[in-house]
Amino acid sequence: QLQASGGGSVQPGGSLRLSCAASKTIFSFNTMGWYRQTPGKQRELLAYITTDNRTYYTDSVRGRFTISRDNAENTVYLQMRSLKPEDTGVHYCNIIPVRTNYWGQGTLVTVSS
């Protein structure tokens with residue numbers, strides 16, 4: 001499993017940085033992605049980063065979130081800025097394409113005043 005961490009409660013406009021550590025085998029050979037699930041909705045892809053550091057962002061987070069990877073630490077990060085209430089949800093990391101057995105518990109982000 002891939003365990004995400006770094007969630008918490010922030011006010012609108014705040015920032016958080018999420019982390020996800022993986023084994024070297026998983027990390028070195030895969031595109032890594034961040035996903036969010038909110039009640040009543042399917043889990044959605046927010047951003048991904050390839051092994052050669054090309055990135056993709058969904059429209060709702062582009063310009064506010066930054067995905068990065070630390071190859072020495074086998075860790076992928078999601079820097080979240082200018083957070084909005086609609087960013088609230090459980091955030092997960094996984095590879096692309098996803099592996100069902102890699103879903104961890106996720107980390108909850110709550111954006112509320």
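Keep in mind that the numbers below use all heavy atoms, side chains included, and drop hydrogens, waters and symmetry copies. Fair warning: this is a prediction, and the values are worked out from it, not measured in the lab.
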Practice problem: Provide the closest heavy-atom pair for Trp34 versus Ala4 in the form atom of the first, atom of the second, distance. | Solution: CZ3-CB, 3.7 Å
Self-check item: Close side-chain approach of Leu18 and Tyr77, heavy atoms under 4.5 Å
Solution: no
Exercise. Is it possible for you to check whether Arg43 lies under 6.0 Å from the centre of the six-membered ring of Tyr92, through NZ or CZ, and within 45° of that ring's axis?
Key: yes
Quiz item: Do Tyr35 and Trp103 make the cut of ring centroids closer than 6.0 angstrom?
Solution: yes
Quiz prompt | Main-chain N/O of Thr75 paired to Arg69 side chain as donor or acceptor, under 3.5 Å | solution = no
Exercise. Calculate, to the nearest 0.5 Å, the distance between atoms CZ and NZ belonging to Phe29 and Lys24 respectively.
Key: 8.0 Å
Self-check item: Closest heavy-atom pair and its distance - Leu78, Ala47
Solution: CD1-CB, 4.4 Å
Exercise. Say whether, by atom type as modelled, one donor and one acceptor occur between the side chain of Ser28 and the main chain of Thr25 under 3.5 angstrom.
Key: no
Practice problem: For Val76 and Phe27, run side-chain contact (heavy atoms from CB on, under 4.5 Å): C-alpha distance rounded to whole Å, both residues' side-chain angles, the deciding distance at 0.1 Å, then the answer. | Solution: CA-CA 9 Å; Val76 60; Phe27 189 84; 4.3 Å; yes
Practice problem: Say whether, by atom type as modelled, one donor and one acceptor occur between the side chain of Thr107 and the main chain of His91 under 3.5 angstrom. | Solution: no
Quiz item: Of all heavy-atom pairs between Arg64 and Ser82, which one has the smallest distance, and what is that distance?
Solution: NH1-O, 2.9 Å
Self-check item: CA sep, side-chain torsions, deciding dist, call: Asp87, Lys84, salt bridge (charged side-chain N to carboxylate O under 4.0 Å, His left out)
Solution: CA-CA 5 Å; Asp87 293 318; Lys84 305 175 180 181; over 6 Å; no
Quiz prompt | Leu2 versus Cys20, closest heavy-atom pair with distance | solution = CB-SG, 3.8 Å
Quiz item: Any idea which heavy atoms bring Leu45 and Thr58 closest together, and the distance?
Solution: O-CB, 3.7 Å
Quiz item: Is there a path from Met80 to Val90 through hydrophobic residues (I, L, V, M, F, W, Y) whose side chains come within less than 4.5 Å of each other?
Solution: no
Exercise. Take Thr31 and Ile95 through the test side-chain contact (heavy atoms from CB on, under 4.5 Å) and record every step on the way to the result.
Key: CA-CA 6 Å; Thr31 293; Ile95 65 172; over 6 Å; no
Practice problem: Specify the closest pair of heavy atoms between Ser60 and Arg36, including all atoms of both residues, with the distance to one decimal. | Solution: OG-NH2, 4.3 Å
Exercise. Any chance you could measure Ile96, atom CD1, to Arg99, atom CZ, to the nearest 0.5 Å?
Key: 14.0 Å
Exercise. Spell out, as yes or no, whether a donor-acceptor pair under 3.5 Å connects the side chain of Ser112 to the backbone of Thr110.
Key: no
Quiz item: Is the backbone N or O of Met32 less than 3.5 Å from a side-chain atom of Asn30, with the two atoms forming a donor-acceptor pair by type?
Solution: no
Practice problem: Could you go through the side-chain contact (heavy atoms from CB on, under 4.5 Å) check for Arg81 and Thr66 one step at a time? | Solution: CA-CA 8 Å; Arg81 296 184 176 90; Thr66 303; 3.9 Å; yes
Practice problem: For Leu46 and Tyr57, run side-chain contact (heavy atoms from CB on, under 4.5 Å): C-alpha distance rounded to whole Å, both residues' side-chain angles, the deciding distance at 0.1 Å, then the answer. | Solution: CA-CA 6 Å; Leu46 301 179; Tyr57 299 93; over 6 Å; no
Quiz item: For residues Gln3 and Gln1, is any side-chain donor paired with an opposing acceptor at under 3.5 Å?
Solution: yes
Quiz prompt | Thr38 side chain vs Lys41 backbone, donor-acceptor pair below 3.5 Å | solution = no
